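Working notes, structure below.
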Amino acid sequence: MKILSSSDNDLRRAARAIAEGKLVALPTETVYGLAADAGNRRAVAAVFAAKERPSFDPLIVHVPSVEEARKVADFSVPYAEALARRFWPGPLTLVLPKQDWVPGLITSDLPSVAVRCPAHELTRRVIEYAGVPVAAPSANPFGRISPTTAEHVAAGLGERIDYILDGGECRLGVESTVLDLSGDDPMVLRPGGLSVESLQECIPDLQLFDRSTSSPKAPGQLPSHYAPRKDLYLYRQGGLPAAIRASAKQRAVSALCFGKEEASSLIDEGLCVEVLDLSPEQDPVQAAANLFAHLHRLEADSSRRILAARLPEQGLGRAVNDRLYKASVNKGEA
Ligand code: TXA
Ligand code: MG
């Protein structure tokens with residue numbers, strides 16, 4: 001694996017590699033993606049293999065513009081055109097009826113395809129230079145913490161891929177919001193970098209996928225995902241359960257909290273190996289940007305478990321809670 005810089009030369013090299021069927025990790029405004037030519041079945045299969053991702057979990061196709069997106073998906077369904085015009089480039093993925101040529105390997109044989117136009121200058125240029133739409137899941141081994149730096153990608157996938165384009169830290173830090181427009185009612189399948197509230201301004205009857213009443217439509221909605229290699233317990237702010245407090249006494253615990261008051265009281269108690277604060281000012285946007293980097297760090301420290309506070313369920317707080325819930329072992333309790 002080779003690291004590429006943001007020089008025009010390197011961007012062209014990344015584009016050539018993609019056109020030749022190689023695997024290139026690219027930065028986006030959300031997380032790093034592992035890119036392959038969407039029309040090259042062998043390259044797409046190599047993406048699944050590198051991530052050890054099951055073939056029933058479909059990929060997002062990335063395009064540099066709405067015009068290119070039309071070659072991938074059918075934009076005649078309600079809201080598609082208007083939402084793409086309003087929110088692209090940006091952290092919104094639209095699930096739409098697919099065009100015939102899109103390989104079933106990408107869509108897990110669904111009649112729909114997920115498509116998005118990322119708001120990252122370098123990556124849009126690479127996709128433009130490559131001249132093909134690019135299939136790109138997050139650039140992490142399946143089910144593990146998503147990467148927000150080139151170092152995360154190298155640590156997770158390393159020699160299994162050909163190149164990493166180093167674009168620094170991802171600005172938003174959580175994956176895109178996935179909105180399904182292919183069914184009867186528009187439905188958010190995954191909360192993400194674009195707030196549900198912004199979508200509700202455009203779609204009054206917007207449905208939110210509810211994991212307590214519905215079965216998953218796509219594996220990104222499976223309850224376990226994005227998990228660190230140790231147990232993560234979710235708790236309501238200010239309400240650390242007593243049992244967990246007891247295990248904290250053995251100094252086996254690290255904490256991921258939200259707000260400087262909680263952080264300083266945890267630090268004062270001296271119970272934790274490490275206390276990381278998602279956002280001292282309790283800003284959910286900052287919390288999202290810090291989420292995966294903090295989880296990567298807590299995964300590597302000497303604690304045996306992680307305690308993580310839920311955020312208020314609004315704005316990007318929803319996306320952060322979704323990822324923490326999927327990473328947690330005490331689902332339904334917090
Ligand atoms: O921000 C992002 O979306 C990042 C960057 C790299 O663009 N990508 C990303 O990809 O998060 P991935 O593969 O980790 O997540 C894609 C999600 C999965 O939950 C998958 O199940 C869902 O999109 N998805 C893809 N195609 C779908 C389809 N046809 N119908 C329903 N869900 C779909
Ligand atoms: Mg992922």
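Indexing begins at 1, ligand by ligand and atom by atom, following the structure's order. We're numbering straight along the sequence, starting at 1. Keep in mind it's a predicted model, so treat the numbers as computed, not measured.
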Leu189 heavy atoms within 4.0 Å reach ligand 1 at atoms 31 (C), 32 (N)
Are Arg116 and Glu29 ion-paired here, with the side-chain N under 4.0 Å from a carboxylate O? yes
Under 4.0 Å from a heavy atom of Ser112: give me the atoms of ligand 1 that qualify, with their elements. 28 (C), 29 (N), 30 (N)
Numbering the atoms of ligand 1 from 1, which are under 4.0 Å from a heavy atom of Leu110? 28 (C), 29 (N), 30 (N)
Number the atoms of ligand 1 from 1 as they appear, then name those within less than 4.0 Å of a heavy atom of Thr30, with their elements. 1 (O), 2 (C), 4 (C), 5 (C)
Write out all pairs satisfying side-chain hydrogen bond (donor to acceptor under 3.5 Å, both in side chains) with one or both partners inside residues 154-170, taking only residues at least two apart or from two chains. Glu52-Arg160
Looking at ligand 1, does Lys98 have a heavy atom less than 4.0 Å from it? no
Within a strict 4.5 Å, meaning less than it, do heavy atoms of the Glu128 and Glu68 side chains meet? no
Of all heavy-atom pairs between Ser108 and Pro58, which one has the smallest distance, and what is that distance? OG-N, 3.1 Å
So is Arg53 actually on top of Phe142's ring, under 6.0 Å and inside 45° of the axis? no
Looking at ligand 1, does Pro118 have a heavy atom less than 4.0 Å from it? no
Within less than 2.8 Å of the Mg ion (ligand 2), any N, O or S from Asn140? no
Heteroatom distance test (His62, ligand 1): nitrogen or oxygen, under 3.5 angstrom: yes
Tell me, please: is Ile60 in heavy-atom contact with ligand 1, that is, under 4.0 Å? yes
Numbered atoms and elements of ligand 1 in range of Arg53, under 4.0 angstrom, heavy atoms: 12 (P), 13 (O), 14 (O)
Judged on heavy-atom distance to atom 26 (N) of ligand 1, which of Gly33, Pro137, Gly173, Pro58 sits nearest? Pro58
When you look for heavy atoms under 4.0 Å from ligand 1, do you find them on the side chain of Val95, its backbone, both, or neither? side chain
Looking only at non-hydrogen atoms, the one of Asp57, Leu26, Thr28 nearest atom 21 (O) of ligand 1 is Asp57
One thing to verify: whether Asp322 and Arg318 come together as a salt bridge, which I'm taking to mean a side-chain N less than 4.0 angstrom from a carboxylate O. no
What pairs of residues pass the ring pair (Phe, Tyr, Trp, His ring centres under 6.0 Å) test when at least one of them lies in residues 172-200, not counting sequence neighbours? none
Would you call Glu20-Arg42 a salt bridge at under 4.0 Å N-O? no
In terms of relative ring orientation, are Phe75 and Trp88 parallel, tilted or perpendicular, with 30° and 60° separating the classes? perpendicular
Tell me the nearest of Ser138, Ala135, Ala73, Ser176 to atom 3 (O) of ligand 1, using heavy-atom distances. Ser176
To the nearest 0.5 Å, what is the distance between CD on Glu299 and NE2 on His294? 15.0 Å
If you take the nearest heavy atom of each of Lys51, Glu29, Glu175, Arg190, which one is closest to atom 15 (O) of ligand 1? Arg190
